Every structure is written in structure tokens, then in C-alpha cells.
2 protein chains.
Amino acid sequence: MKISRTQSDHYDETIRGGALRDTPQRRHVYDLLLGKRDHPTATEVFLRAKKTMPSISLATVYNSLETLVGCGLVKQVHVDREPTRFCPNLDEHGHFVCEKCGHVYDIDLAAGRHRQWSLPAGFIVSTHEISLRGLCADCNEN
Amino acid sequence: MKISRTQSDHYDETIRGGALRDTPQRRHVYDLLLGKRDHPTATEVFLRAKKTMPSISLATVYNSLETLVGCGLVKQVHVDREPTRFCPNLDEHGHFVCEKCGHVYDIDLAAGRHRQWSLPAGFIVSTHEISLRGLCADCNEN
DNA sequence: CTAGGTGCAAAAGGTTTGCGGTTAA
DNA sequence: TTAACCGCAAACCTTTTGCACCTAG
């Protein structure tokens with residue numbers, strides 16, 4: 001019987017796969033993202049991290065996030081030109097931002113359907129980002 | 001027989017529709033966007049504008065762009081957190097950025113197909129943005 | 001005439017960088 | 001031992017703002 005890998009295992013494997021160190025700060029940042037998946041900005045991650053690791057610096061949070069993004073453990077989420085948000089959901093998905101409450105929701109992108117871009121011949125897509133704005137159900141009815 | 005409206009007519013109507021003035025700077029910025037539709041940033045628009053209107057300021061370019069976006073004559077294009085680009089193409093479309101040459105291409109979004117987001121009930125989409133990254137045909141083969 | 005616009009300079013805000021000291025492996 | 005990493009502060013860059021002057025309507 002195969003024991004399913006946790007995301008923490010994934011962290012271990014990925015970090016050690018490169019020439020990367022498993023530092024307390026880096027792991028703490030990653031754990032925070034896994035614990036509360038609400039697409040925080042770097043500053044928000046920093047404020048949360050300080051609660052249990054008061055000495056951590058904003059620069060280190062930025063560095064950690066950059067590393068985690070670089071090795072594929074975390075994705076960046078961009079909404080217009082607002083501060084970058086971070087997301088540990090590695091599945092194919094887009095984002096919906098409520099213009100009233102500000103919450104960011106992951107949205108399922110039905111497999112494949114949204115990859116059928118009508119591009120000219122010879123174009124190769126490496127990444128894509130889909131972001132929606134509007135009103136979420138809660139804000140819509142209140 | 002109906003004479004088709006030019007985009008310049010569109011400018012006239014739209015600007016005069018609001019409490020907006022038709023200033024030389026504002027029109028110049030708009031004309032530059034219509035003339036070379038390569039998705040320039042505010043700074044690039046500023047540099048181009050100065051060639052024929054040396055006294056124009058960067059702040060005025062920002063203000064003009066904001067006004068044009070506000071009244072719907074121009075759209076903003078966001079690619080990750082790079083400087084905002086501006087686009088006078090009002091048709092439904094997304095963008096493709098070549099990671100090698102940096103060019104931004106408009107891409108057709110087959111009507112309606114990409115609006116069928118599988119959202120939870122009660123969610124209302126007001127705007128959406130689709131951006132792709134990759135290699136364009138030219139860079140791909142060279 | 002006057003509300004809206006312009007130009008300049010300063011400030012804001014997110015992110016990056018340089019560097020001396022620290023630490024995981 | 002040592003290359004990677006941390007924390008701090010300064011720098012960077014895009015965008016916004018405050019304000020005195022100007023101008024389209």
C-alpha cells in the first residue's frame with residue numbers, strides 16, 4: 001500500500017533536490033501558506049510569520065517566497081497591479097477577486113478547455129494566468 | 001448608407017459625453033496609442049509623446065491614460081507585476097507576451113467560450129483578464 | 001469666468017539589493 | 001569548513017499626490 005505524500009514531504013524532496021537549505025524561516029513561510037490558504041501578500045505573510053518568529057525580516061520573507069516560487073512549491077497570483085499574492089495550490093486553477101470584500105477565491109478551470117487558445121502557428125505557451133473580478137455570493141446578496 | 005465611425009470620432013463623442021476636456025495632451029496620448037498599437041507602458045508613451053510635444057509631463061501622461069481608461073477608450077494590460085501597458089483594442093481579447101523578445105500580442109478569445117467559468121452560484125463577474133507567456137513564432141524558430 | 005487640466009517635485013508603496021554576520025549540511 | 005542564507009537599511013521603480021498656474025468651453 002502506497003502512503004500518500006503530504007505537502008510537507010513535497011517540501012522536503014523539492015528543497016533537497018536543489019542546492020537549497022531547509023532553514024526555519026523558509027519552512028515557516030511555507031507552513032503558513034499551507035495553513036491558511038487565503039492568498040496573502042508578502043507583507044501579510046511577514047506579519048503572520050512574526051507572531052511565532054519575531055526575528056524574521058521582510059526581506060527574508062521575500063527571499064523565501066521567491067525560492068518557493070522558483071522551485072515550484074508556491075504560485076504567484078497577480079490581480080491588476082496590486083501586491084503579489086501567494087498560493088500553495090498547485091492544481092490548474094484561476095482566481096476570482098471580490099471587489100467588495102477583497103477575498104480571493106480559487107476557481108476551477110475545467111481541464112483543457114481553457115488551454116485551447118487560438119494562437120497563430122508557432123506560438124508556444126509556457127504559463128498562463130486567468131483572473132476575474134466581480135462580486136462573490138456573500139457580497140452579492142448582502 | 002451608414003458612415004462607419006472612426007476611433008477618433010469615438011474619442012470626440014466619449015470625451016464630450018462626460019465633463020471632460022479635449023486637451024492637446026490627452027488627444028496626443030490617445031493618438032499615439034492608436035498609431036502604434038504595441039502595448040506601451042506609461043513611460044514609453046511619455047517618451048514618444050515628448051518627441052512632438054516636448055513640454056508634456058509624465059504626470060499628465062498618467063492622468064491622460066487614467067482618464068482614457070476611465071471612459072473606456074483604452075484598456076490596461078497587466079503581465080505579472082510588470083509596469084502597466086495600455087491598449088486601444090476594445091474587442092474581447094487576451095494577451096500573449098513573448099519571454100524572449102518581449103512583444104505583446106493580442107489574442108482572440110473565441111466569443112463566449114472563455115466566459116463559461118465554472119463559478120459557485122451567486123458569483124458575478126465584472127471583468128476578466130487572460131494573459132499568456134511563452135515564445136512567439138519568430139523567437140521560437142530562431 | 002471657472003472647473004478641470006497641466007507641470008513640477010515630492011511622497012508613497014512594493015520589491016530588490018548590498019553587505020556584514022550567521023548557519024545548515 | 002563554506003556556500004547558502006539571514007537581517008538590516010538603503011536603493012529602486014512605478015505610480016500617486018499636492019499645489020500653483022493655466023486654459024478649454
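In what follows, chains carry the letters A, B, and so on, assigned in the order in which the sequence lines appear, proteins first and then strands, with residues in each chain numbered from 1. Predicted model only: the values in this text are computed from it and were never measured.
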Nearest to the side chain of [X], which nucleotide is it out of [options]?
| X | options | result |
| --- | --- | --- |
| Ala59(B) | dT15(C), dA9(C), dC8(D) | dA9(C) |
| Arg26(A) | dT6(C), dC6(D), dT15(D) | dC6(D) |
| Asn63(A) | dT17(C), dT14(D), dC5(D) | dT17(C) |
| Gln25(A) | dG14(C), dC6(D), dG5(C) | dC6(D) |

Task: Residue mapping more 5' on DNA chain C - nearest nucleotide basis, Pro24(A) or Arg21(B) - done: Arg21(B)
Between [X] and [N], is there a side-chain N or O to OP1/OP2 distance below 4.0 Å?
| X | N | value |
| --- | --- | --- |
| Tyr62(A) | dT15(C) | yes |
| Ser55(A) | dC6(D) | no |
| Arg81(B) | dG14(C) | no |

Could you state the atom-to-atom distance from [atom1] of [X] to [atom2] of [N] in whole Å?
| X | N | atom1 | atom2 | value |
| --- | --- | --- | --- | --- |
| Glu82(B) | dC12(D) | CD | C1' | 16 Å |
| Lys50(B) | dC8(C) | NZ | P | 10 Å |
| Ile15(B) | dG5(C) | CD1 | C1' | 12 Å |
| Arg27(A) | dA24(C) | CZ | P | 13 Å |
| His28(A) | dC6(D) | NE2 | P | 13 Å |
| Met53(A) | dC6(D) | CE | P | 9 Å |
| Phe86(A) | dG14(C) | CZ | P | 13 Å |
| Leu58(B) | dA10(C) | CG | C1' | 14 Å |

Task: Ser55(B) vs Gln25(B) side-chain heavy atoms within contact, under 4.5 Å - done: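 A side-chain contact is absent here, since even the closest heavy-atom pair is not under 4.5 Å.
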Open item on the list: So Val79(A) and His95(A), do their side chains get closer than 4.5 Å, heavy atoms only?
Closed with: no
Which part of the nucleic acid, if any, lies within contact of [X], taking any heavy atom under 4.0 Å across all strands shown: a base, the sugar-phosphate backbone alone, or nothing?
| X | result |
| --- | --- |
| Thr43(A) | nothing |
| Thr67(B) | nothing |
| Thr41(B) | nothing |
| Thr60(A) | base |

Open item on the list: Nearest heavy atom decides the nucleotide; on that basis, is Leu20(B) or Thr23(A) closer to the 5' end of DNA chain D?
Closed with: Thr23(A)
- [ ] Anything under 30° is parallel, anything over 60° is perpendicular, the rest tilted; go ahead and classify Tyr105(B) against His103(B).
- [x]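 Ring orientation of Tyr105(B) relative to His103(B): tilted.
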- [ ] Just do the salt bridge (Lys or Arg N to Asp or Glu O under 4.0 Å) check on Asp106(A) and Arg37(A) with the steps written out, would you?
- [x] CA-CA 10 Å; Asp106(A) 284 359; Arg37(A) 296 159 171 258; over 6 Å; no
Open item on the list: Is there a salt bridge (Lys or Arg N to Asp or Glu O under 4.0 Å) between Arg48(B) and Asp38(B)? Walk through the geometry before answering.
Closed with: CA-CA 12 Å; Arg48(B) 291 174 195 177; Asp38(B) 60 349; 2.8 Å; yes
Open item on the list: Hydrogens and angles aside, do Thr6(B) and Asp9(B) bring a side-chain donor and acceptor to less than 3.5 Å of each other?
Closed with: yes
